[in-house]
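In what follows, a single structure is set out as structure tokens and then discussed.
Quick caveat: nothing in here was measured; it's all calculated off a predicted structure.
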Amino acid sequence: MKRLFKLVDTLNLWLWYAASALLVLIAVSVFYEVICRYVFSHSNVWVGECSGYLFAFIAFLGAPYVYSKGGMTAVGMLTDKM
């Protein structure tokens with residue numbers, strides 16, 4: 001059973017690394033879009049769509065790691081309004 005838990009912990013860590021790499025990819029693509037838009041006056045339509053989908057994907061990839069560390073994801077806006 002310890003091997004299974006070790007395997008799950010390792011998988012969670014790799015998913016966390018993948019989520020971190022995707023976050024860097026979002027930052028680079030948005031920076032690229034800003035440079036293209038303001039320097040070259042050219043807009044790329046794929047950056048906005050990909051950034052949104054990647055951000056959602058990051059939440060799903062990072063959730064197992066956060067949960068394994070005892071944390072949880074929450075929507076703060078809903079609790080602030082109540």
Side-chain angles (χ1 to χ4, degrees):
M1 202 63 162
K2 283 188 176 189
R3 278 181 83 183
L4 179 64
F5 288 145
K6 178 87 169 146
L7 179 68
V8 169
D9 286 341
T10 304
L11 180 64
N12 285 341
L13 188 62
W14 280 102
L15 289 175
W16 181 258
Y17 290 150
S20 301
L22 289 178
L23 189 61
V24 170
L25 181 65
I26 288 175
V28 169
S29 65
V30 169
F31 180 72
Y32 170 73
E33 173 67 19
V34 169
I35 296 298
C36 283
R37 187 173 287 185
Y38 291 108
V39 174
F40 302 116
S41 298
H42 174 71
S43 179
N44 296 309
V45 295
W46 60 269
V47 174
E49 290 289 323
C50 284
S51 297
Y53 287 123
L54 287 176
F55 191 74
F57 200 57
I58 286 170
F60 287 116
L61 286 178
Y65 180 77
V66 172
Y67 184 72
S68 71
K69 295 299 178 186
M72 60 181 263
T73 57
V75 179
M77 183 180 74
L78 295 176
T79 58
D80 291 343
K81 296 290 181 184
M82 292 184 161

Handout entry: Hydrophobic cluster membership, W14 vs F57, 4.5 Å side-chain cutoff
Key = no

Fill in the blank from the handout: The single option from T10, L11, N12 that satisfies side-chain contact (heavy atoms from CB on, under 4.5 Å) with V8 is N12

Problem - V30-I35 co-clustered via ILVMFWY side chain contacts under 4.5 Å - result: no

Practice task
Any chance you could measure L54, atom CG, to L22, atom CG, to the nearest 0.5 Å?
Solution key: 5.5 Å

Exercise for the section: Find the distance between OH (Y53) and CH2 (W46) and round it off to the nearest 0.5 Å. Expected result: 15.0 Å

Fill in the blank from the handout: Heavy-atom nearest pair, V47 first then E33, reads CG2-OE1, 3.6 Å

Fill in the blank from the handout: Students should find that the hydrophobic cluster of V28, defined by side-chain heavy atoms under 4.5 Å apart, otherwise consists of V24

Exercise for the section: Mind listing the closest non-hydrogen atom pair of A19 and L61 along with its distance? Expected result: CB-CB, 4.0 Å

Handout entry: Residue pair L15 / F60, side-chain heavy-atom distance below 4.5 Å
Key = no

